[in-house]
Amino acid sequence: MKDSIFQMVYELVKQIPPGKVSTYGQIAFLLGNPRLSRVVGYALHGNRDPEVPCHRVVNRKGELASAFLVNGVQEQRLLLEIEGVPFTGEGTVDLSSCLWEGPA
DNA sequence: AAAGTGACGCATT
DNA sequence: TAATGCGCCACTT
């Protein structure tokens, strides 16, 4: 396994429990560098592994990503709603209630 | 081999 | 309060 940021991002995102969401910045912070938020997004951008619930990762405002899977943000929002994640708007998640702060 | 680009976030003007 | 710039890593041209 490489020590690349990408690998760590994937491993971390895999640990996000259902019904919860996390942000790029939060993940970057857990990796040890809050400024890696951009890299985190890039990592998930190229991700195709179903093991990595990239739909549970949103930006700092709680807004869904712009270029999700084939169905776009609609699919992402649906997945989150099914898991019980509350929405404050059409494309906005209630981070105050469902933000995953990291592995115990 | 070097420069540009990209699912972001925070500080500053 | 809103808008712009900078920082970080990996990948593409």
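In what follows, chains are A, B, ... by sequence order, proteins preceding strands, each numbered from 1.
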Any N/O donor-acceptor pair, A:Arg38 side-chain to C:dG7 base, under 3.5 Å: yes
Atom-pair distance (CD on A:Gln26; P on B:dC10), nearest Å: 10 Å
A:Ser37, nearest nucleotide to its side chain (from C:dA10, C:dC8, C:dG7): C:dG7
Atom CZ of A:Phe29: over 12 foreign heavy atoms under 6.0 Å: no
Euclidean distance, atom CG of residue A:Leu31 to atom C1' of C:dC9 [Å, nearest integer]: 11 Å
d(CD1, A:Ile16; C1', B:dA7) in whole Å: 13 Å
Residue-phosphate contact under 4.0 Å: A:Arg60 side-chain N/O, B:dC10 OP1/OP2: yes
Whether A:Arg56 side chain and A:Ser22 backbone form a donor-acceptor pair below 3.5 Å: no
A:Leu44 CG - C:dA10 P separation (whole Å): 14 Å
Nucleotide nearest A:Val39 (side chain, heavy atoms from C-beta), chosen from C:dC9, C:dA10, B:dA7: C:dC9
Which residue lies more 5' along DNA chain C, comparing A:Phe6 with A:Pro34 via nearest heavy atoms: A:Pro34
Whether over 12 other heavy atoms sit under 6.0 Å from A:Gln74 CD: no
NZ (A:Lys61) with more than 12 external heavy atoms under 6.0 Å: no
Nearest-angstrom distance from the residue atom OH of A:Tyr10 to C1' of B:dA7: 12 Å
Euclidean distance, atom NE2 of residue A:His45 to atom C1' of B:dC8 [Å, nearest integer]: 14 Å
Rounded distance (Å) that lies between atom P of C:dC9 and atom CZ of A:Phe29: 17 Å
Earlier contact from the 5' end, DNA chain B, for A:Asn59 and A:Tyr42: A:Tyr42
Lys/Arg N to Asp/Glu carboxylate O, A:Lys20 vs A:Glu83, below 4.0 Å: no
Between C:dG5 and B:dG4 - P atom distance, rounded Å: 16 Å
Rounded distance (Å) that lies between atom C1' of B:dA7 and atom CZ of A:Arg35: 20 Å
Residue A:Tyr24, side-chain atoms from C-beta onward, closest of B:dA7, C:dA10, C:dC9: B:dA7
